[in-house]
**Q** 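One structure, pasted below without further comment.
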Amino acid sequence: ALLVGCGRPSVGLRIAGSTSLQPLAEMLAEGYRAAGGARVSTQGVGSTAGLQALRSGVADLATVSRRLTPEEMREGFQAHVIAWDVLAIAVHPSNSVDGLTLAELRRLFAGEIRDWAQLVGTAGRVHLISREAGSGSRQAFRELVGPIHPLAAVQNTNGAIRLAVRNDPAAVGYLSLGVARAGGVKLLRIEGSLPGEPGYPLVRPLSLVTLGPPVGEARAFLLYALSPAGQKLVVEEGMLPVR
């Protein structure tokens with residue numbers, strides 16, 4: 001159902017995938033067009049759904065916010081890293097927790113820490129907010145941190161997680177730093193560092209994915225994303241450049 005809206009539009013290049021990458025993909029599409037490239041359509045449907053759109057020919061490029069699995073690489077998918085994203089841990093501004101160790105974060109999302117009183121003086125049931133199955137953010141979090149409790153509330157976009165945490169004093173969620181910077185949430189230090197600072201451990205690759213080597217308009221767009229102009233947009237979006 002997610003892919004219905006990805007049907008062939010009257011544009012030159014079709015991109016579908018990660019909601020974490022969607023704002024950057026839109027900026028790159030505008031910059032590419034202004035630089036003389038083809039018109040580009042973008043849709044945030046999730047990393048795995050983006051790969052399915054590419055596989056079925058509905059998209060020309062997939063945006064993926066996780067590492068490809070061995071099975072996906074054997075299928076012929078090729079990931080081209082265009083940026084590095086910081087996965088932020090967000091709580092409500094009223095939460096008195098300022099930071100966590102990786103071990104505490106792992107225990108929190110595994111459901112071993114169920115009340116904020118186990119971390120701070122203020123009591124209150126922990127409300128875990130996670131992404132849906134197939135999300136690149138969810139898979140990256142599981143690789144970087146650990147398992148996610150099956151009863152965690154699920155949101156389908158990074159923006160929805162930000163809103164859910166902003167509106168719930170007991171909530172904690174993970175989301176892309178670029179989305180988190182829209183405000184309304186408090187970002188935690190992990191192992192002593194804030195998101196974006198040296199030593200912050202939750203960093204993941206953001207890629208444009210092709211099925212086989214990039215050719216034609218897809219290759220031209222990839223080269224633009226890696227150019228100084230494209231990497232400038234990466235930094236403006238709050239992500240880390242590849243060079």
Side-chain angles (χ1 to χ4, degrees), residues 18-21 47 64-70 79 81 83-155 157-162 164-166 168-182 184-207 238-242:
S18 168
T19 62
S20 300
L21 259 167
S47 294
V64 175
S65 57
R66 58 169 174 80
R67 299 183 188 278
L68 294 179
T69 67
V81 178
W84 293 89
D85 185 34
V86 177
L87 205 58
I89 306 301
V91 296
H92 191 271
S94 66
N95 196 314
S96 57
V97 172
D98 291 319
L100 299 168
T101 65
L102 267 176
E104 289 171 333
L105 181 61
R106 186 176 297 112
R107 292 180 61 217
L108 189 67
F109 272 86
E112 297 172 12
I113 296 175
R114 300 190 177 187
D115 196 292
W116 288 111
Q118 294 174 252
L119 295 170
V120 293
T122 304
R125 189 78 170 177
V126 173
H127 295 167
L128 298 175
I129 313 293
S130 179
R131 287 294 304 277
E132 78 285 2
S135 158
S137 296
R138 182 186 180 99
Q139 182 164 328
F141 183 89
R142 292 182 65 185
E143 291 174 355
L144 293 166
V145 179
I148 299 168
H149 195 278
L151 295 183
V154 171
Q155 298 291 339
T157 67
N158 281 271
I161 284 188
R162 185 182 67 84
V165 173
R166 186 185 72 178
D168 183 355
V172 57
Y174 56 89
L175 69 165
S176 173
L177 178 58
V179 177
R181 282 176 169 162
V185 295
K186 175 182 175 181
L187 304 185
L188 299 184
R189 294 179 180 274
I190 304 297
E191 297 292 342
S193 298
L194 283 170
E197 291 182 346
Y200 187 81
L202 306 183
V203 179
R204 57 175 173 161
L206 300 177
S207 302
M239 299 170 181
L240 305 178
V242 295

**Q** Any chance you could measure Ile113, atom CD1, to Leu105, atom CG, to the nearest 0.5 Å?
**A** 9.0 Å
**Q** Checking Asp168 now: which residues fulfil salt bridge (Lys or Arg N to Asp or Glu O under 4.0 Å) with it, not counting sequence neighbours?
**A**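 Testing Asp168 for salt bridge (Lys or Arg N to Asp or Glu O under 4.0 Å), a comparison that skips the adjacent residues, returns none.
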**Q** Using residues 187-195 as the side-chain source, report each donor-acceptor pair under 3.5 Å to any protein atom, sequence neighbours left out, with the distance given to one decimal.
**A**
unit_1: Arg189; atom_1: NH1; unit_2: Gly192; atom_2: O; d: 3.2
unit_1: Glu191; atom_1: OE2; unit_2: Leu102; atom_2: N; d: 2.7
unit_1: Ser193; atom_1: OG; unit_2: Pro198; atom_2: O; d: 2.9

**Q** Are the side chains of Val203 and Asp85 in touch, meaning some heavy atoms are under 4.5 Å apart?
**A** no
**Q** I'd like to know if the side chain of Trp84 and the backbone of Val242 have a donor-acceptor N/O pair within less than 3.5 Å.
**A** no
**Q** Which heavy atom of Phe109 sits nearest to which heavy atom of Val172, and what is that distance?
**A** CZ-O, 3.9 Å
**Q** Considering non-hydrogen atoms only, spot the tightest contact between Gly111 and His149 and give its length.
**A** CA-CD2, 3.7 Å
**Q** Restricting to side-chain hydrogen bond (donor to acceptor under 3.5 Å, both in side chains), what partner residues turn up for Asp115, sequence neighbours left out?
**A** none
**Q** If we check side-chain contact (heavy atoms from CB on, under 4.5 Å) with Val185, which of these qualifies: Val165, Leu175, Ile161, Ile89?
**A** Val165
**Q** Could you report the tightest heavy-atom contact between Ala171 and Ile129, atom names first, then the distance?
**A** CB-CG1, 4.0 Å
**Q** Which pair of heavy atoms, one from Ser130 and one from Arg138, lies closest together, and at what distance?
**A**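 The pair with the smallest heavy-atom distance is OG-NH1, 3.1 Å.
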**Q** Can you sort out the partners of His92 under side chain to side chain contact (heavy atoms under 4.5 Å, CB included), two or more places apart, ordered by chain and number?
**A** Ser94, Pro169
**Q** Using the rule side-chain hydrogen bond (donor to acceptor under 3.5 Å, both in side chains), only one of Ser18, Ser135, Ser207, Ser176 pairs with Ser65; which is it?
**A** Ser18
**Q** From Leu144 CG over to Leu202 CG, what is the distance, rounded to the nearest 0.5 angstrom?
**A** 5.5 Å
**Q** Given Tyr174 and Arg131, is the side chain to side chain contact (heavy atoms under 4.5 Å, CB included) satisfied, shown in steps?
**A** CA-CA 8 Å; Tyr174 56 89; Arg131 287 294 304 277; 3.8 Å; yes
**Q** Using salt bridge (Lys or Arg N to Asp or Glu O under 4.0 Å) as the criterion, list what pairs up with Glu112, not counting sequence neighbours.
**A** Arg107
**Q** Quick one: NZ on Lys186 to OG on Ser96, what's the gap to the nearest 0.5 Å?
**A**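 The NZ atom of Lys186 sits 6.5 Å away from the OG atom of Ser96.
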**Q** For Ser137 and Arg204: C-alpha separation, side-chain torsions, deciding distance, then whether side-chain hydrogen bond (donor to acceptor under 3.5 Å, both in side chains) applies.
**A** CA-CA 9 Å; Ser137 296; Arg204 57 175 173 161; 3.1 Å; yes
**Q** Drop me the distance from Arg106's CZ to Ile148's CD1, to the nearest 0.5 angstrom.
**A** 12.5 Å
**Q** Could you pull out the closest heavy-atom pair between Leu108 and Trp116, with the gap in Å?
**A**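 Scanning both residues, the minimum pair turns out to be CD2-CH2, 4.2 Å.
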**Q** Run Thr19 and Leu21 through side chain to side chain contact (heavy atoms under 4.5 Å, CB included) and show every step you take.
**A** CA-CA 5 Å; Thr19 62; Leu21 259 167; over 6 Å; no
**Q** Do you know the tightest heavy-atom contact between Ala160 and Gln155?
**A**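 Closest heavy-atom pair between Ala160 and Gln155: CB-OE1, 3.5 Å.
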**Q** Output all residues satisfying side-chain hydrogen bond (donor to acceptor under 3.5 Å, both in side chains) with Glu143, sequence neighbours left out; order by chain, then residue number.
**A** Gln139
